[in-house]
Amino acid sequence: MVQKPLPTKKTSLWLFFGLMLISPWVWAQSKITGTILEESSNTGIPGATVQVKGTTRGSATDVDGKFSLDAKPGEILVISSIGYVSKQLTLGNQTNLTILLASDAQSLDEVVVTGYGAQAKRDITGAVATVDMKKALAVPAANLAQAMQGRVAGVNVSNENAPGGGVMVRIRGFGTINDNSPLYVIDGTPTKGNLNTLNLNDIETMQVLKDASAASIYGSRAGNGVVIITTKKGKGGKPKLTYDAYYGNQRPIKFLDLLNTQEYANLLWESRINAQNGNLLVDGRISDPSRIVYPNIPMFGGQVQTPIIPDYITPVGGRDGQVNEALYSVTPKNLITRANKVGTDWFDAIFQNAPIQNHQIGVSGATDVARYAMSVNYFDQQGIMAHTSFKRFSLRSNTDFVVNKRLRVGENFQFAYGSQVGQPNGNQSESNPISFAYRIPPITPLYDIQGDFAGSPTVLDNSPNPLALLVRNKDNATRELRIFGNIYAELDVAKDLVARTQFGIDYNTFNLRNYIFNNIQDPEPRGTNTLQQRNSYDYAWTWYNTLTYTKVLADKHRFNFIAGTESIKSYFEFFTAERSGFAVDDISNRYLSAGRAGINNAGGASEWRLASEFFKVNYGFGNKYLADFTIRRDRSSRFSRDFRAAIFPAGSVGWVISEESFAKDWQWLSFAKLRIGYGQTGNQEIGNYNAFSTFATSPESSFYDLNGANTSALPGYELGQFGNANAKWETTTSQNFGLDANFFKNKLELSVDVFKRVTSDMLFPVEVQFTQGVADNPFQNIGEMVNKGFEVSLNYADKKGDFSYSIGGNLSTYRNEVTRTNGDPNTQFFGFTTRIAPMSVTQQGLPLSSFFGYQIDGIFQTDAEGAEHPLQFGGGQMNKAGSFKFRDINNDGIINASDRTVIGSPHPDFVYGINASLGYKNFRLDLFGQGVQGNQLFNYVKYWTDFPTFGGNRSQTMYQKSWRPGMTDAVLPLPRSNDVISVNPSSYYVEDGSYFRLKNVQLNYTIPATLLTKAGISSATVYIQGTNLITLTKYTGLDPEVNLRNFNAGSDRQIGVDEGAYPAFRSYNVGVNLSF
Amino acid sequence: MKKKIIILSSALLLGGTFSCQDEFLDVQPLGVLSEANLTNRIGVDLVLTGAYSLMDGVQTNVGSAFGDWQGAADNWVYGSVTSDDAYKGSNAGDQPEISVIEAFAHTPDLVHFRGKWRAVYDGVARTNDVILLVAKAEDMTDAQRTAVIAQARFLRGHYHFEGRKVFQKAPYIDEKTYNPADPNSTKVPNTEEIWPKIEADLDFAYKNLPSRWPGQPGRATKWAAAATLAKAMLFQGKYSQAKPILEDIVQNGGYTLVARYHDNYRAATNNNAESIFEVQYSVNDGAAISNNGNRGGTLNYPYGGGALTTCCGFFQPSQNLVNNFKTDENGLPAQNFNSTDVPGDNSVNFTGNLDPRLDHTVGRDGVPYLDWGIHNPQYIRDRAYAGPFSPKKGSPYRSEAGSLTWTNNPRQNANNYRMIRLAHVLLWLAECEVEIGDPEKARALVNQVRKRSANPDGFVRLANGQPAGKYALNEYTSPWSDKAIAREAVRRETRLEFAMEGHRFFDLVRWGVVDQVINSFLEVESTKRTYLRGARFVKGKHEYFPIPNQEILNSAIGGTPTLQQNPGY
């Protein structure tokens, strides 16, 4: 063999910028050629790969299915192409081959990328699921995690639904009390960043490493599972140009059923009368009507028996003929607004039909010394909520070069620009347009008499006009630029020994100019306009080096060793500034320098680093017995020196039963493998500086005006963070038992997994008692959590002549239990609280984030019944007819805060996905549905719509199903405007959150090639599609797909609370896939 | 050969990260300081300013579960809404937990209490940080150390005083207990009476602070410490010990009553000749949402309707309070004042005699509301719920909008809270005279306070220049031979002078009359404010608020809480 000096640091540098290819370089071989044909049609299969087994030599077919390759007799060729059954054949003396492939999606020889390497599906012993990208990409989506929804057993995905919004991915339950999102590794470069700025259309394969035996090679960041993604590489043959596009129309599915103006006024009157005449109420009825004191509300006619709907809301209660519209004036403020006597449908006003489109152009190809794939993508989704949108432009370039016989270099890069206009004040907030759509009374119209946005006068309470909010927010786009990718070099050091070095980068910039109008018409106007600007950038680089050694001994013992090191550095820096008092609101004036007042700014930075070493060995005894061991040591800057290092071991074994001689006769069994795995992974999501006690300064919390200057304050410092230098790694220990089995010539494919995950030394920011002062709470190692569950997936595919079909499904479940908090079984960690007490609790013996509140046992029908019941919150009206009957949980004869208990769980019994595909000649119909069963949701929207809280609109439920004398099927108490008790968190809010959604119905037509060749088109498919055509649910809120409240760490302690989450939409799309 | 290559390449490969020694992983926090950065004269002063900054009771609550108003310096909820002075106000749905406190239906898990507890003890911790840093600072003179420690101890005494009067069983945390590096250090019992320690801190401040800080009226002075110390003694009924201290302030403090009562309630006359200690508010000072403006009172403005954009209609004066300002034909506080109501509708037309302080305390229809215009029904969020009156003392002037208010929102303004002013000292001294001295001296002190408000120059006037009410306020001319009469007169005067300033409930508690006063108030008021029906003050329980339940849980060591709950909860 030829000896060459190893690349020096300097020479390896330029290699990074070169391009190259994995391609034949051999010791003794000859060129062979061949054609790969589709078995049924005898047409060439382009893009199929032909690999010499046990080597890195390989090739791909061109547009006609032809390939050429260096190989020698006796070597085994592995021929594979996605969608076909792979084939292996031992090369004889032929130099020109014709190989037929049968179409099949289920291929055991498919090579899947796992951590720092790849394995044939057949040999995998951990719990690894492969996402069928063809199917996953069929449903329009902005980000790759959305595409996983319902596709993979054991992976729960929930969308935020807003364009460019977040997505919650939870693999095998909730493994920690903190951040449970998985790690994404794209072409070897890890990220936990924004998935919307990664173009999912570039994805070739996606694998989910579900258990520790598969994931622990990623050690400290693998506790929540790892998603491995590889992007499209060029395939053999001439350059191929592809164009894929869809265009669709999205429509809202459902609005809340609220009151019209008359109903609104009626309910207002009823609840005021009941409140003001409580002393007259006997069994819920006014006992002496002659003594009734009627409400006195100037808007509705003053003190009158029944409300009078006015002609104007501004001036309050104005009547036709009394209001001089000519006096309308903005400055001085004298706005005039007519009443909407019928009632404004605010949901209809803020939601709309909206377009979605996606265009992807790709060029790819390969030669002997290079392969390349480039793409351009444009994605544009307008939200069904007016003026919300997400756009993405991205460019990708993946190239690989063969520099010489032993050296390959390459790069995978994506450059993306994302622009999002979100809902003002964000999703799941009482101050966003969705919340204002039910918080604003129906009598308020959209516009005032001059056609400007109308607002409610103060007597109609504080909701601003949500449409105005959206229209004025339409230019407040967050803009992100992202560079994501890597460069690598791979060197064949010796026979069977490959060294690889890869440097990856994830670089982001973020910019937002958020301009907020003065809203003079609204009841609580801001008083000024304001511009908030936020700029930030962050980067993370990941450098890893591996040595891979592959050896087959005695034709039986197959070994694959990987040893490697990795280091990561991540840095983030931001700057924010604010001004107000802009002379005009024009877009051209929305820059900080144009503001004259309210000058304010802030900035900061943070950093973390990780250094690791890892080792992995795969062993196969024939194809029968398999074993896989990994070990990784991580050292993280997030822990103090003494606790910095942690070791994560894992191992798994597999037994391929179908290879045993006794199984050879079982014709029905094509393949069967038992898998057992055990391993540990970790979690380091504890912020960057947990070990340090630090003093911080901020004008808000540590400045004070000692000089009595009124308009300036002296700077001060305060303890900002309690450090905990003793925090160590959180460890998740998982066990997995699995079976993969194929039956009936691989037509039926079954995969079953049973797992248990135990998270110990769980890191939690334990609340420090306030006598210690107030500072950021340090994460401490407390607590333990267990997830147990199983997953099944089943697929059947067959073909009869021109007719082909497949049907499949997956189902998975987990049972989560917090087995220890801080050692005290009574310790309760509460989720968020807004206007009512916390509605979620995390406590020993319960699943994470259980719903918490009072148990309602119906409604008192008579005063006597109420009087017999334990005293509720001091009694009075609460123990009379028409009040909720609260359960005396602790049996102390009195109802108070001690009677709160667990009233539900946001965790589903199981989640599932079903898909079916029917093909006939050139037509194919795809169906895909996905569902969640047995979870509950806390419908917090009811706080606003079902109880006498603020002055906004109310639900038809409250109007019709509130208790009145004799009404035994009532669900809500007697409407009484001074009832501040019934609104407390209770079982009334908790609803069944189960749903099934027909996510996709798609009819594809492949245009016959004969019609296309003249146009220079090699293949073309067109389709029509409907998404979310059917949603089956009993949930009464906007949408059952309720996500996290936000995407910050800690929000997993408040899952399943619906504050009016952005709803899913239905869409009708047309699409095309062309290749030239 | 092969071996060599393998070894070589392995070395190359692994060298990459084995060169990642621990230095690579030693990442320091950015943009923040360690303790070592602050153990010097300048650092100590910065942390001391941080300790002062919690005088307003507001840390930075945005994004937390705590409302800014829960720890407000003026105690408007704990001291006024709970008393006969005020209602929660606004409408039924907004911040209903305050209604629960108002109706004495509160339980230890009500979040509001944690907000106050948090403000109190964050303040305490910051003062202890100062004291611990001073001990480590090497570049300070003894005089500098004493000046800093005296201020820190004043603040520590003040914060604990707040804890003691609101929660009764509040533990005392000093620098010997507190160790910032040990989160368990302050898990200490609350069974010991802390008044002696409060007094010790305030006494040290009294003896060591200067009488003025030129150019820095926000700092604690000898007289602020003296007044707070005397107040602490009054809370314990220690009149004979309080009296000489109060006399010292009157004689040697150099304070005078300002000519116009209203100058105690406007930003333009902050830190005036009457002020002994004010909570300093500043606006447009670079703090987001103008957090150093009066955030604790951010809800307590008329709800729209005025010329200024404000909200949220909270803290409405009670009918009882308004009636209390009625005066008799002699210009003295009217007896049986609550038998008829000063009307809310067209209130300006009321023809009875009134104490002019009413229209500096309460916004009522027909009367100018500062310079905003005429108060009218539009100022009120829900008149049927919480009556027709608006709070007035903390409001900014329209003409000061943008200069003495936050440019983005006048709800944050620079109208300081006068925590202690000379009138307090005079009336406390009058109390002492009633209880252990000469009631006639008490009468003279009360008259001194009344005389100022009788000054027509300070009256609220209509556009035509006429007083907005039939004001009649005179001094007490008949001798106070009877101790009970004198006591009643001093207490009534205290209520009139400091109405809506967060003192009333605590005064009623220390006078031992809280249960009678509140229950008779509730009996009448619940006929006007239906939501108060059924509310009742329980003697022996409601004098103090519960220790926040979560704080008791969080105080546990090995599962056993170190904090105890107050009686009755």
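Throughout, a chain's letter reflects where its sequence line sits, starting with A, and its residues are numbered from 1.
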* Structure fact -> In short, Ser53(B) meets Ser702(A) closest at the heavy-atom pair OG-CA, 3.4 Å
* Asked: Looking at Pro715(A), Gly876(A), Gly604(A), which makes the most heavy-atom pairs under 4.5 Å with chain B?
  -> Pro715(A)
* **pair Leu714(A)-Gln216(B): side-chain heavy atoms closer than 4.5 Å** => yes
* **Heavy-atom closest pair, residues Ala125(B) and Gly773(A)** => CB-CA, 3.4 Å
* Pick one of side chain, backbone, both or neither for Val316(A), based on which atoms fall under 4.5 Å of a heavy atom in chain B. => side chain
* Asked: Roughly how far, to the nearest 0.5 Å, is the CD atom of Gln378(B) from the OG1 atom of Thr458(A)?
  -> 5.5 Å
* Which of the residues Thr407(B), Asp285(B), Leu33(B), Asp129(B) is involved in the greatest number of heavy-atom pairs with chain A at under 4.5 angstrom? -> Leu33(B)
* What part of Thr827(A) is in contact with chain B, defined as an atom under 4.5 angstrom from a non-hydrogen atom: side chain, backbone, both or neither? -> neither
* Under 4.5 Å from any heavy atom of chain B - which part of Arg900(A) -> side chain
* To do: Give, as side chain, backbone, both or neither, the part of Asn518(A) having an atom under 4.5 angstrom from any heavy atom of chain B.
  => neither
* Portion of Arg644(A) that has a non-hydrogen atom of chain B nearer than 4.5 angstrom -> side chain
* Is Asn270(B) close to Asn710(A) at the side-chain level, that is, under 4.5 Å between some pair of heavy atoms? -> yes
* To do: Would you sort out whether Gln772(A) and Tyr121(B) count as a side-chain hydrogen bond (donor to acceptor under 3.5 Å, both in side chains), showing the intermediate values?
  => CA-CA 7 Å; Gln772(A) 188 75 10; Tyr121(B) 282 102; over 6 Å; no
* Partners passing side chain to side chain contact (heavy atoms under 4.5 Å, CB included) against Asn879(A) (at least two apart in sequence or in another chain) -> His869(A), Leu871(A), Gln872(A)
* Return the option, out of Pro180(B), Gly313(B), Gly123(B), Ser290(B), with the maximum number of heavy-atom pairs under 4.5 Å with chain A. => Pro180(B)
* Structure fact -> Scored by heavy-atom pairs under 4.5 Å with chain A, the best of Ala92(B), Pro217(B), Ala181(B) is Pro217(B)
* Asked: Do Leu30(B) and Tyr571(A) touch side chain to side chain, with heavy atoms closer than 4.5 Å?
  -> yes
* Tell me, do Phe770(A) and Asn554(B) make a side-chain contact under 4.5 Å, heavy atoms counted? -> no
* **Check against side-chain contact (heavy atoms from CB on, under 4.5 Å), Glu700(A) and Gln59(B)** => CA-CA 7 Å; Glu700(A) 292 77 41; Gln59(B) 202 214 22; over 6 Å; no
* Asked: Which one of Leu610(A), Asp824(A), Ile599(A) has the most heavy-atom pairs closer than 4.5 Å to chain B?
  -> Leu610(A)
* For Ser606(A), is it the side chain, the backbone, both, or neither that has a heavy atom closer than 4.5 Å to a heavy atom of chain B? -> backbone
* Can you tell me how far CE of Met55(B) sits from CG of Asp705(A), rounded to the nearest 0.5 angstrom? -> 13.0 Å
* Asked: For Gln721(A), is it the side chain, the backbone, both or neither that has a heavy atom under 4.5 Å from a heavy atom of chain B?
  -> neither
* **Side-chain donor-acceptor contact under 3.5 Å, Thr530(A) with Asn408(B)** => yes
* Structure fact -> Max heavy-atom pairs within cutoff under 4.5 Å with chain B, candidates Phe722(A), Phe639(A), Tyr704(A), Phe947(A), goes to Tyr704(A)
* Structure fact -> One option among Tyr943(A), Phe830(A), Phe950(A), Phe703(A) has the most heavy-atom pairs under 4.5 Å with chain B, and it is Phe950(A)
* Do Ser34(B) and Phe695(A) pass the side-chain contact (heavy atoms from CB on, under 4.5 Å) test, and can you show the C-alpha distance, the side-chain angles, and the key distance before you say yes or no? -> CA-CA 6 Å; Ser34(B) 68; Phe695(A) 284 84; over 6 Å; no
* Nearest-0.5 Å distance, OG of residue Ser977(A) to OH of residue Tyr531(B) -> 12.0 Å
* Minimum-distance pair of heavy atoms, taken over all atoms of Asp122(B) and Val774(A) -> OD1-N, 3.1 Å
* So Arg641(A) and Leu25(B), side-chain contact (heavy atoms from CB on, under 4.5 Å) or not? Walk me through it. -> CA-CA 8 Å; Arg641(A) 273 193 173 201; Leu25(B) 297 161; over 6 Å; no
* Structure fact -> chain A shares the most heavy-atom pairs under 4.5 Å, among Gly31(B), Pro183(B), Ser99(B), Cys311(B), with Pro183(B)
* Check whether any side-chain heavy atom of Thr771(A) lies under 4.5 Å from a side-chain heavy atom of Pro171(B), and answer yes or no. => yes
* To do: Before giving the answer on side-chain hydrogen bond (donor to acceptor under 3.5 Å, both in side chains), spell out for Gln769(A) and Thr186(B) the whole-Å C-alpha distance, their side-chain angles and the decisive distance to 0.1 Å.
  => CA-CA 8 Å; Gln769(A) 75 286 355; Thr186(B) 56; 2.8 Å; yes
* Asked: Looking just at side-chain N and O atoms, do Tyr689(A) and Gln28(B) make a donor-acceptor pair shorter than 3.5 Å?
  -> no
* Structure fact -> Whatever's closer than 4.5 Å to a heavy atom in chain B on Ile568(A) counts as backbone
* Residues Arg118(B), Glu767(A): salt bridge by 4.0 Å N-O rule -> no
* Asked: Between Leu404(B), Leu46(B), Asn179(B), Thr107(B), which has the largest tally of heavy atom pairs under 4.5 Å with chain A?
  -> Leu46(B)
* **Contacting moiety of Asn822(A), where chain B heavy atoms sit under 4.5 Å** => neither
* Go through the steps for Thr49(B) and Leu706(A) under the test side-chain contact (heavy atoms from CB on, under 4.5 Å), then give the verdict. => CA-CA 8 Å; Thr49(B) 305; Leu706(A) 286 169; 3.9 Å; yes
* Structure fact -> When every non-hydrogen atom of Ser403(B) is compared with those of Thr711(A), the smallest separation belongs to O-CG2, 3.4 Å
* To do: Look at Gln780(A), Lys569(A), Glu718(A), Arg638(A) and state which one has the largest set of heavy-atom pairs under 4.5 Å with chain B.
  => Glu718(A)
* **Heavy-atom pair with the smallest gap, counting every atom of Asn292(B) and Pro699(A)** => ND2-O, 2.9 Å
* **Side chain / backbone / both / neither for Ala837(A) at chain B, heavy atoms under 4.5 Å** => neither
* To do: Give a yes or no on whether a salt bridge exists between Asp461(A) and Arg381(B), defined as a side-chain N under 4.0 angstrom from a carboxylate O.
  => yes
* To do: Can you see which heavy atom on Asp109(B) is nearest to which on Ala897(A), and at what distance?
  => OD2-CB, 2.8 Å
* Most heavy-atom pairs under 4.5 angstrom with chain B, which of Asn600(A), Thr949(A), Val459(A), Asn978(A)? -> Asn600(A)
* Asked: To the nearest 0.5 Å, how far apart are CG in Asn409(B) and OG1 in Thr528(A)?
  -> 10.0 Å
* Structure fact -> So, the part of Arg272(A) with a heavy atom under 4.5 Å from chain B: the answer is side chain
